[in-house]
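Take a look at the structure below.
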Amino acid sequence: MGTSQNFVVDAGERPSLPVHGSDGRYPVRRIYCIGRNYVAHVREMGGDEKLDFPIVFQKPTDSIEQDGAVLDYPVMTSNYHYELELVVAMKSGGYNIPVDKALDHVYGYGVGLDMTRRSVDGQSDRPNQPWELGKAFDRSCPVGTIYPVSEVGHVDKGSIRMTVDGEVKQDADLGMMIWTTPEIIANLSRYFALEAGDIILTGTPSGVGAVTTGQVLVGAIDGLGSLTVTISEPAGQ
Ligand code: MN
């Protein structure tokens, strides 16, 4: 990705994702994440099931990892969790998008992992602090191939299934989401001007858990393929 700008330090490259059925790639601008969006997961975490607004946080854009990534076990945790989630990829946006127009702004869908340092995510040993340390760390957002709406339509039901070393850990249906994709987009757009390139991780079903070095994680959603990552030796060692 060339640039004519005269940057004084390395500007890096904008992360992007492969697109099914295309040689083109989907450029990632921001990563929004929704928390506690499946009742059974809310119960396993001990949270409030009747929030009047979704939990929202962001991950840094450069935390994107590709399908097939080998992820170093992260620093500063001994409780590293997977959370398998439906990813919504925007093609346009703006403020105050009505629920009934929200899907017009969706480019496609994919499979993502909200990797989490559970021991520092603000829900366990650091309550009442921002979630950055637990959620927004390096390499914390593997995402698979983006499937365009033109190919798969809008995705609001179907199996979402996570396996670790072949053992099923999460097995739910997208229809169990508390906040639907149009409701999530409408709510986010009250606070942020959404834009093309924004992706939204829509929350994880129950069955989250810890992984260790050497394990292979495979997440799959009906019609959206799968995403595989392998956990390697600890980072920074
Ligand atoms: Mn999550």
Side-chain angles (χ1 to χ4, degrees), residues 17 28 30-49 51 53-65 67 69 71 74 77 79-90 109-127 129-144 155-156 159-164 169-181 183-185 187-188 191-192 198-211 217-221 224 226-227 229 231:
L17 296 165
V28 179
R30 290 186 186 170
I31 305 169
Y32 293 100
C33 299
I34 301 302
R36 297 178 187 164
N37 203 25
Y38 291 77
V39 169
H41 176 60
V42 176
R43 288 178 181 158
E44 74 181 348
M45 300 303 293
D48 184 348
E49 295 173 27
L51 296 172
F53 193 84
I55 288 178
V56 175
F57 59 94
Q58 290 188 47
K59 289 176 182 280
T61 305
D62 68 357
S63 67
I64 287 282
E65 289 287 333
D67 185 20
L71 300 180
T77 190
N79 197 16
Y80 179 39
H81 278 211
Y82 55 82
E83 296 190 357
L84 178 64
E85 314 202 357
L86 171 69
V87 174
V88 178
M90 305 299 288
Y109 298 89
V111 178
L113 281 166
D114 167 17
M115 298 304 292
T116 299
R117 289 193 285 213
R118 189 71 70 197
S119 50
V120 290
D121 70 353
Q123 299 175 58
S124 46
D125 62 343
R126 293 175 194 234
Q129 289 195 22
W131 285 14
E132 261 72 11
L133 296 178
K135 292 292 197 179
F137 58 99
D138 299 338
R139 312 190 71 188
S140 62
C141 195
V143 176
V155 178
D156 59 4
S159 167
I160 176 169
R161 176 182 271 213
M162 179 80 213
T163 65
V164 177
K169 298 290 191 182
Q170 295 184 284
D171 191 4
D173 193 283
L174 298 174
M176 298 162 69
M177 285 167 46
I178 296 169
W179 299 91
T180 66
T181 295
E183 290 169 341
I184 290 167
I185 291 168
N187 276 313
L188 274 178
Y191 288 84
F192 304 96
D198 291 347
I199 65 171
I200 306 166
L201 277 69
T202 55
T204 198
S206 63
V208 299
V211 290
L217 288 59
V218 181
I221 295 177
L224 303 179
S226 63
L227 167 65
V229 300
I231 311 304

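Whatever order the structure lists ligands and atoms in, that order sets their numbers, starting from 1.
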(message) For D138, is the CG atom crowded, meaning more than 12 foreign heavy atoms sit under 6.0 Å from it?
(response)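 No, the 6.0 Å shell around CG holds no more than 12 heavy atoms from other groups.
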
With the Mn ion (ligand 1) as the point of reference, which N/O/S atom of [X] is the closest?
X: E85; value: OE2
X: E83; value: OE1
X: D114; value: OD2

(request) Check whether any side-chain heavy atom of V42 lies under 4.5 Å from a side-chain heavy atom of I178, and answer yes or no. (result) yes

(request) Have a look at P205 and tell me which of D171, I160, N37 forms a side-chain contact (heavy atoms from CB on, under 4.5 Å) with it. (result)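 When D171, I160, N37 are each tested with P205, the side-chain contact (heavy atoms from CB on, under 4.5 Å) holds only for I160.
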
(message) Would you call the rings of Y32 and F192 parallel, tilted or perpendicular, taking 30° and 60° as the class edges?
(response) tilted

